[in-house]
Amino acid sequence: MACFLVSAAEAVVVTAVEKAEEKKEKKPEEIRPEGVAETRIPLSRKLKWLTWMLWGGAALLAFEHIWHGEVVPWFPFLTAMSDPADKAAMFHEMATVGVCMAGLITLVWVGMCLAADRIANRPEPEAEGGRS
Amino acid sequence: MTLLITVFAAVIATVKWYNREDDNMKLGILCFLYWGAAIMWLVDALFEYAELGMEYFRPAAADMLNDAFLGLSVVALGLVIWLVRLLITDPKGSVRRALKKD
C-alpha cells in the first residue's frame with residue numbers, strides 16, 4: 001500500500017547524514033601527509049551505498065504501487081487514504097512490511113561494510129600463474 | 001515473478017560491475033538500485049508467504065504474466081534512472097565533447 005515510504009524516509013535521513021559526513025571528511029584529507037595509505041573505506045562512501053539501495057528500492061517499489069493503482073497523481077496520492085479502514089491497513093503495512101524492508105536493507109548494508117573493510121585490507125592477490 | 005526478474009537483473013549488473021575495465025559506466029549504482037528493490041520485494045514475498053502459505057508458489061497464469069510484465073518494466077525503469085544519471089554526471093566527458101562539437 002505504501003510500504004516504500006518507510007525506506008524513502010530512511011533514505012532522506014541517510015542522505016543528509018552522508019552529505020554532512022562527506023563535508024567532515026574533506027577537511028582532514030587536505031592536511032593528510034603524502035604517502036600515508038588509506039586502508040579504511042570512508043564512512044561517506046559506505047553511506048552512499050545505503051542511500052542508493054534505499055532510494056533505488058523505494059523508487060522501483062513506488063513504480064509497482066503506481067502499477068497496481070495504489071499511488072495516484074492527485075491528492076492525497078495514496079488511494080488508501082480516502083477510506084478509514086484502508087488507512088488503518090496501510091499504516092499497519094508500513095509498520096510491519098515497510099519497517100522490515102528498511103531494516104533488512106540496513107542489515108545487508110552493515111554486512112557489506114564489514115566485508116568491504118576486510119576485503120580492502122586483504123593483501124593483493126598473486127599474479128596469474130601463481131598458486132591458487 | 002517480479003522478485004525473480006529483479007534478482008536476475010541485480011546478479012547480471014553485479015557480474016558486469018565485477019568484470020568492469022574502468023569505473024566510467026558507474027555500474028555500481030545499477031547494482032545498488034536492483035539489489036535494494038530485490039531486498040524489498042523479498043520482504044514483501046516473505047510476508048505474502050506467511051499469509052498464503054503454499055498457495056504463494058501456485059499463482060494464476062494471468063497474475064504471473066502481469067508480474068512478469070511488471071518485473072520487466074521495473075528493470076527498464078532502473079536502466080533509465082541509471083542512464084539519465086550517467087548522462088548528467090558524464091564521467092567520461094562524452095556528452096560534453098558532443099555538445100562542444102561544431
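Proteins get letters first, then strands, A, B, ... in listed order; numbering begins at 1 in each.
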| task | Indicate the atoms forming the closest heavy-atom contact of I105(A) with G36(B), along with that distance. | result |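 It is CD1-O, 3.6 Å.
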
Testing the basics here: between S7(A) and M40(B), what is the closest heavy-atom pair and its distance to 0.1 Å?
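The pair with the smallest heavy-atom distance is OG-CE, 3.3 Å.
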
Chain A: which of [options] shares the most heavy-atom pairs with it under 4.5 Å?
options: I81(B), T2(B), N66(B); result: N66(B)
options: W35(B), Y34(B), F69(B); result: F69(B)
options: V43(B), L77(B), D44(B); result: V43(B)

Neighbour count above 12 (heavy atom, 6.0 Å) for [X] [atom1]:
X: H92(A); atom1: NE2; value: no
X: Y56(B); atom1: OH; value: yes
X: R20(B); atom1: CZ; value: yes
X: K87(A); atom1: NZ; value: no
X: F57(B); atom1: CZ; value: yes
X: W17(B); atom1: CH2; value: no

Hydrophobic cluster membership, with links at side-chain heavy-atom distances under 4.5 Å among I/L/V/M/F/W/Y: are [X] and [Y] in one?
X: M1(B); Y: F8(B); value: no
X: F63(A); Y: L4(B); value: no
X: V72(A); Y: M81(A); value: no
X: V12(A); Y: M94(A); value: no

How many angstroms lie between atom [atom1] of [X] and atom [atom2] of [Y], to the nearest 0.5 angstrom?
X: W52(A); Y: K26(B); atom1: CH2; atom2: NZ; answer: 10.5 Å
X: C100(A); Y: I39(B); atom1: SG; atom2: CD1; answer: 13.0 Å
X: L33(B); Y: M53(A); atom1: CG; atom2: CE; answer: 11.0 Å
X: E64(A); Y: D67(B); atom1: CD; atom2: CG; answer: 8.0 Å

Decide yes or no on side-chain contact (heavy atoms from CB on, under 4.5 Å) for V74(B) and W67(A), but give the supporting numbers first.
-> CA-CA 10 Å; V74(B) 160; W67(A) 183 281; over 6 Å; no

If one checks every heavy atom of W49(A) against chain B at 4.5 Å, the contacting part turns out to be both

Counting heavy-atom pairs under 4.5 angstrom with chain B, the leader among L61(A), L104(A), T96(A), V108(A) is L61(A)

Would you mind checking which part of L46(B) comes under 4.5 Å of any heavy atom in chain A, side chain (CB onward), backbone (N, CA, C, O), both or neither?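 Neither part, no heavy atoms under 4.5 Å.
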
Please look at T6(B) and chain A and tell me whether the side chain, the backbone, both or neither of the residue comes under 4.5 angstrom of a heavy atom of that chain.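 T6(B) has no heavy atom closer than 4.5 Å to chain A.
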
As a quick check of understanding, evaluate side-chain contact (heavy atoms from CB on, under 4.5 Å) for H68(A) and L70(B), giving each step before the final call. CA-CA 10 Å; H68(A) 289 133; L70(B) 171 64; 3.9 Å; yes

Between W55(A) and F32(B), ring centroids under 6.0 Å:
no

